[in-house]
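One structure is given below, encoded as structure tokens.
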Amino acid sequence: QVQLVESGGGAVQAGGYVRLSCGAPGYTISHCMAWFRQALGKEREGVGQIDRFDIVTYAASNQGRFTISKNDAKNTLYLQMNNLQPEDTAIYYCAASPRSICRSLIPSDYEFWGPGTQVAVSS
């Protein structure tokens, strides 16, 4: 099982920003990759996904403030989040699929996951 690793989480004030990173030695990110998040007491939801052609699809609720990108040379996936709000508080997960073409932004369409990184947004 491929183990992805996220980094960059932490505490931030409302209106602030963070950039999360994801990668795994031995596994190329040049496939379908995604970010999910899960708040306390809620189901895991998709943030957005990016395919190997760098085409990004975002969840409607996060469009505009969040940006997904990747650096193939560094084998690193990124999630830039700006103007954070308290409702963005969640554990953020990196996920990967071996498929060349991304399908739906749902957990069952992804095979590999990281342990998650906490983002806590305070007022």
Side-chain angles (χ1 to χ4, degrees):
Q1 187 76 13
V2 174
Q3 178 67 68
L4 304 176
V5 179
E6 305 94 342
S7 63
V12 60
Q13 294 184 0
Y17 63 91
V18 298
R19 187 180 75 164
L20 307 182
S21 300
C22 170
Y27 185 84
T28 179
I29 65 167
S30 299
H31 296 86
C32 185
M33 305 288 295
W35 287 98
F36 290 81
R37 68 181 184 181
Q38 186 167 16
L40 286 175
K42 297 185 178 181
E43 297 294 320
R44 189 169 300 185
E45 65 176 1
V47 175
Q49 60 188 7
I50 182 171
D51 65 17
R52 66 189 185 95
F53 307 109
D54 291 338
I55 298 175
V56 183
T57 302
Y58 297 100
S61 61
N62 295 321
Q63 292 181 358
R65 297 188 297 122
F66 297 176
T67 302
I68 293 174
S69 63
K70 62 180 180 178
N71 187 319
D72 291 333
K74 297 182 179 180
N75 198 37
T76 303
L77 176 73
Y78 303 100
L79 173 60
Q80 177 73 39
M81 300 190 289
N82 299 324
N83 191 25
L84 287 164
Q85 302 299 310
E87 54 264 36
D88 295 318
T89 295
I91 297 176
Y92 285 75
Y93 297 92
C94 175
S97 170
R99 298 183 178 88
S100 297
I101 301 176
C102 296
R103 297 185 179 181
S104 299
L105 185 60
I106 56 176
S108 61
D109 278 347
Y110 285 83
E111 301 291 334
F112 311 125
W113 296 82
T117 184
Q118 176 71 43
V119 175
V121 185
S122 60
S123 300

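Considering only heavy atoms from C-beta on, Phe36 comes within 4.5 Å of Leu105 through its side chain. In this structure, Val12 and Asp88 have side chains that are not in contact, with every pair of non-hydrogen atoms separated by 4.5 Å or more. Side-chain contact check for Arg37 versus Val47: some heavy-atom pair is nearer than 4.5 Å. Between Cys94 and Trp35 the shortest side-chain heavy-atom distance falls below 4.5 Å.
When all heavy atoms of Ile68 and Val56 are compared, the closest pair comes out as O-CG2, 3.8 Å. Of all the heavy atoms in Ala96 and Met33, the pair that sits closest is CB-SD, 3.4 Å. Considering every non-hydrogen atom in both Arg52 and Lys70, the closest pair reads CA-NZ, 3.2 Å. Closest approach of Ser123 to Pro86, counting heavy atoms only: OG-CG, 3.5 Å. Scanning all heavy atoms of the two residues, the minimum distance from Arg99 to Asp109 falls at NH1-O, 3.3 Å. Looking at every heavy atom in both residues, Thr67 comes nearest to Tyr58 through CA-OH, 3.2 Å.
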Inset, instruction - Verify side-chain contact (heavy atoms from CB on, under 4.5 Å) between Tyr110 and Cys32, making sure each step is shown before the conclusion. - result: CA-CA 9 Å; Tyr110 285 83; Cys32 185; 3.1 Å; yes
Legend entry - Full working for side-chain contact (heavy atoms from CB on, under 4.5 Å) between Cys102 and Thr57: CA-CA 9 Å; Cys102 296; Thr57 302; over 6 Å; no
Inset, instruction - For the pair Leu20 and Glu6, evaluate side-chain contact (heavy atoms from CB on, under 4.5 Å) and give the outcome as yes or no after the intermediate values. - result: CA-CA 7 Å; Leu20 307 182; Glu6 305 94 342; 5.9 Å; no
Legend entry - side-chain contact (heavy atoms from CB on, under 4.5 Å) between Gln118 and Thr89, worked out: CA-CA 8 Å; Gln118 176 71 43; Thr89 295; 3.8 Å; yes
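Between the CZ atom of Arg103 and the OG atom of Ser108 there is a distance of 10.0 Å, given to the nearest 0.5 Å. Interatomic distance, Ile29 CD1 to Asn71 CG, rounded to the nearest 0.5 Å: 7.0 Å. Taking OG of Ser69 as the start and CG of Leu79 as the end, the distance is 8.5 Å to the nearest 0.5 Å.
Linking ILVMFWY residues whenever their side-chain heavy atoms come closer than 4.5 Å, directly or via other members, leaves Ile106 and Trp113 in distinct clusters. Cluster annotation: Tyr93 and Val119 are assigned to distinct hydrophobic clusters (Ile/Leu/Val/Met/Phe/Trp/Tyr, side-chain heavy-atom contacts under 4.5 Å, transitive). Each of Tyr78 and Phe112 belongs to its own hydrophobic cluster when Ile, Leu, Val, Met, Phe, Trp and Tyr are linked at side-chain heavy-atom distances under 4.5 angstrom.
Classification of the Phe66-Tyr92 ring pair by plane angle, with boundaries at 30° and 60°, yields perpendicular.
Annotation for Ile101: atom CD1 does not count as buried by contact number, only 12 or fewer foreign heavy atoms lying within 6.0 Å. Counting non-hydrogen atoms of neighbouring residues, nucleotides and ligands closer than 6.0 angstrom, the CD atom of Gln13 reaches no more than 12 such neighbours.
Checked by atom type and distance alone, the side chain of Glu45 never pairs as donor or acceptor with a backbone atom of Glu43 at under 3.5 Å.
A donor and an acceptor atom, one from each side chain of Asp51 and Gln49, are nowhere located under 3.5 Å apart.
The side chain to side chain donor-acceptor pair (under 3.5 Å) test applied to Asp54 returns no partner, not counting sequence neighbours.
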